[in-house]
Amino acid sequence: MYDYIVIGAGSAGCIVASRLSENPDLHVLLIEAGPPDRQREIHIPAAFSKLFKSPLDWNFTTVPQEHLNGRALYWPRGKMLGGSSSMNAMVYVRGRRSDYDRWRDLGNPGWGFDDVRPYFEAVESKVSVSDQRSINPLSHAFVEACGQCNIARAPSMNGDDEGAGFYRVTQRNGRRSSAADAYLRPALRRGNLTVWTGVHATRLLIDNGRATGVEYVQRGSTGQAHAAREVILCAGAIGSPQLLLLSGIGPREQLEALGIPVVAEVASVGENLQDHPAVVVGFGCTQPISLSNAETIPNFVRYLLRGQGPLTSNVAEAGAFIRTQPECADCDIQFHFAPVHYVEHGLVKPPGHGFSIGPTLVTVESRGRIFLRSVDPFDPPAIDPQYFSNEADLRRLAAGVKVAKKLAMSRAFDPYRGEPVYKIDDEEAHIRVHAETLYHPVGTCAMGSVVDHELRTYGIASLRIADASVMPVIVGGNTQAATMMIAEKASHLIRDVA
Ligand SMILES: Cc1cc2nc3c(=O)[nH]c(=O)nc-3n(C[C@H](O)[C@H](O)[C@H](O)COP(=O)(O)OP(=O)(O)OC[C@H]3O[C@@H](n4cnc5c(N)ncnc54)[C@H](O)[C@@H]3O)c2cc1C
């Protein structure tokens, strides 16, 4: 019998398990479906897209998207210790002050920016948030191009300031600093923390309205683990609602249609799905300087011996936050600039060198949902982000594409600009054909409708959720920092009771 069971060793779960096990009197079990994070490509920053569609990737696919010409989009998610923090692009952005103030104003006391700032600081004291070590000349050209298009240098690239610059990254000495590296590894020597990998949680055990443990499958055999105090669900924006639904916690109609006994009727489980869509404006590069030739033996040696060189690149090296309309209260477009071709998540490699400007919509009005296709826990749930179901989203991202085209044509790129990868006459048509996820799904177990402001699940005692799924509204920047902050705050909320 454990005191706490944490399900999912991702960005959030590693933090919660590590923080709870700081108290030697508490016995904590952390369960992860994927393997340990041993593969070399996890730790070499520039190699992250090599993990895509590998056994370390859940390799999800959305349902066909009505507003994207019926395309079904690929959604990678990390399946290993560290979860998506072990395969992401390492950009560290806190998000806007107004994002958190909005969470608070939606009826979630304790989540305004001034309330959560100490938890960001706690994250930053553990995860190494660093300046990049090797910035490509093309990324410098991007920031210069921004200046030529009246986008000034941002005082910080934390999401709150308008302007351009180079992202800070979750790296230590040029290697990825994941939640597993920063939090879990140092905690592993504690005798009161047990970590199971290759263990797939299939159902929560609920007794008389109280979560008492979890059922799981390990190498084909079913087992159960029990928690005396709480179960904390950290399986991410797809895994957490899926497990609730499989356990009979969710909308009555959906559960009954699948023959799942209703344990607690919580109508919003899986609803409110939000993500940041992005689209690439790409060009060839006339000089052999892009990251396409980063994988050389001298670069490997440089990386291994000194943690330096292009293999330390997080690929999305530079960026900018802009307002497409002066009347926008907040920046609605974030750019990610990659000094390399980035076509179909980097899975398609056009010949030669190139660069990619990725306008990303960060003020998102469209809302989607996640729902079960079957009662089989190994059957991925249906993912319907309903991208661009709100027309304003399409108009805004199209405005971002226009700015990206202007940036690409500015003087700073004259020495480098080759042939365009895409001919873009109609920005909206380009989005419909080429938009993809920026990998930021959130909101499917939202605070205020599935969990309360202390992250306790409505209708079930001793069950908290702490991961990207609890964000009521997506933040205006990359989502890992916000998720880690949520996990730090959750740990404090839980320990206050212990
Ligand atoms: C390719 C990619 C690039 C990204 N780039 C960035 C970036 O540069 N900057 C940024 O801020 N954000 C980025 N993100 C987003 C960021 O990584 C996520 O928002 C964040 O990691 C979410 O954390 P989480 O804890 O909610 O989920 P995850 O980190 O995904 O963790 C969930 C964990 O639960 C496990 N799990 C799920 N179901 C089960 C089950 N049934 N049983 C047992 N275990 C289970 C999973 O295997 C996983 O380890 C990126 C994401 C991806 C995928």
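Numbering of ligands and ligand atoms starts at 1, following listing order.
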Applying the side-chain contact (heavy atoms from CB on, under 4.5 Å) criterion to Pro377, which one of Leu243, Thr202, Leu372, Val217 satisfies it? Thr202
Give the residue and atom name of whichever protein heavy atom lies nearest to atom 31 (O) of ligand 1, and the separation in Å to one decimal. Gly10 CA, 3.2 Å
Ring geometry between His200 and Phe378 (parallel below 30°, tilted from 30 to 60°, perpendicular above 60°): tilted
Geometry only, no angles: is Met87 polar-contacting ligand 1 at N/O separations under 3.5 Å? no
Are Arg369 and Phe371 in a cation-pi contact, defined as NZ or CZ under 6.0 Å from the six-membered ring centre and within 45° of the axis? yes
Please state whether the rings of His440 and His276 are parallel, tilted or perpendicular, taking 30° and 60° as the class boundaries. perpendicular
Begin from the C-alpha positions of Glu271 and Arg367 and carry the test salt bridge (charged side-chain N to carboxylate O under 4.0 Å, His left out) through to its verdict. CA-CA 8 Å; Glu271 300 292 322; Arg367 299 289 182 267; over 6 Å; no
Exactly one candidate in Asn88, Thr312, Asn314 meets side chain to side chain donor-acceptor pair (under 3.5 Å) with Arg176; the answer is Asn88
Does any non-hydrogen side-chain atom of Arg71 lie less than 4.5 Å from one of Leu68? yes
Ala468-ligand 1 polar pair, N/O distance under 3.5 Å: yes
Using a 4.0 Å heavy-atom cut-off, say whether Tyr216 meets ligand 1 through its side chain, its backbone, both or neither. neither
Does ligand 1 come near enough to Lys79 that some N or O of the ligand is less than 3.5 Å from an N or O of the residue? no
Would you please determine whether Met80 falls within less than 4.0 Å of ligand 1 on a heavy-atom basis? yes
Does either side chain, that of Ser125 or that of Glu121, offer a donor lying less than 3.5 Å from an acceptor on the other one? no
Hey, are Glu124 and Arg94 close enough for a salt bridge, meaning a charged N less than 4.0 Å from a carboxylate O? yes
Judged by heavy atoms only, the candidate from Phe52, Phe60, Tyr167 nearest atom 1 (C) of ligand 1 is Phe52
Look at ligand 1 and say whether Trp75 reaches it with a heavy atom at a distance under 4.0 Å. no
Atoms of ligand 1 under 4.0 Å from any heavy atom of Gly78, numbered from 1 in the order shown, are 46 (C), 47 (O), 48 (C), 49 (O)
The protein heavy atom nearest to atom 21 (O) of ligand 1 is Ser11 OG, 2.6 Å
Can you tell me the protein heavy atom closest to atom 5 (N) of ligand 1 and the distance? Ala89 N, 3.0 Å
Taking atom NZ of Lys50 as the centre, does the number of heavy atoms from other residues, nucleotides or ligands within less than 6.0 Å exceed 12? no
What part of Asn478 sits under 4.0 Å from ligand 1 if we count only heavy atoms: the side chain, the backbone, both or neither? both
Nearest non-hydrogen protein atom to atom 49 (O) of ligand 1, with distance, is Glu32 OE1, 2.6 Å
Val199 to ligand 1, any heavy atom closer than 4.0 Å: yes
Of Asp37, Asn88, Val6, Ile7, which has the heavy atom at the shortest distance from atom 17 (O) of ligand 1? Asn88
Quick note on ligand 1: atoms under 4.0 Å from a heavy atom of His440 include exactly 12 (N), 13 (C), 14 (N), 15 (C)
Please confirm whether Asp467 comes within less than 3.5 Å of ligand 1 when only nitrogen or oxygen atoms on both sides are compared. no
Counting only heavy atoms, tell me which of Gly82, Gly198, Ala201 gets closest to atom 41 (N) of ligand 1. Ala201
Can you sort out which atoms of ligand 1 are near Ala33, meaning under 4.0 Å from one of its heavy atoms? 42 (N), 43 (C), 44 (N), 45 (C)
Looking only at heavy atoms, what is the nearest atom pair of Asp101 and Phe113, with distance? OD1-N, 2.9 Å
A student checking ligand 1 against His200 at a 4.0 Å heavy-atom cut-off should list atoms 41 (N), 42 (N)
Using a plain distance cutoff, I'd like to know if Gln480 has any nitrogen or oxygen under 3.5 Å from a nitrogen or oxygen of ligand 1. yes
Is there a polar contact, in the sense of an N or O pair closer than 3.5 Å, between Phe48 and ligand 1? no
Would you indicate whether Glu365, at its atom CD, is surrounded by more than 12 heavy atoms from other residues, nucleotides or ligands within a distance under 6.0 Å? yes
Begin from the C-alpha positions of Asp99 and Arg96 and carry the test salt bridge (charged side-chain N to carboxylate O under 4.0 Å, His left out) through to its verdict. CA-CA 5 Å; Asp99 292 326; Arg96 312 177 280 224; 3.0 Å; yes
Around atom 30 (O) of ligand 1, find the nearest protein heavy atom and jot down its residue, atom name and distance. Ser84 OG, 2.8 Å
Side-chain ion pair, Glu22 and Arg495, N-O less than 4.0 Å: yes
Return the residue, atom name and 0.1 Å-rounded distance of the protein heavy atom closest to atom 9 (N) of ligand 1. Val91 O, 2.8 Å
Would one find an N or O of Gly236, backbone or side chain, under 3.5 Å from an N or O of ligand 1? no
Of all protein heavy atoms, the one nearest atom 25 (O) of ligand 1 is Ala12 N, 3.0 Å
Starting from atom 19 (O) of ligand 1, what is the nearest protein heavy atom, named by residue and atom, and what distance separates them? Thr479 OG1, 2.7 Å
Assess the pair His226 and Tyr2: is the distance between their ring centroids shorter than 6.0 Å? no
Exercise: identify the closest heavy-atom pair between Gly34 and Thr197: O-CB, 3.3 Å
If we only count N/O pairs under 3.5 Å, is Leu243 in contact with ligand 1? no
Less than 4.0 Å between a side-chain N and a carboxylate O, is that true for Arg185 and Asp181? yes
Given Cys234, Gly239, Gly83, Gly8, which one has a non-hydrogen atom that is nearest to atom 32 (C) of ligand 1? Cys234
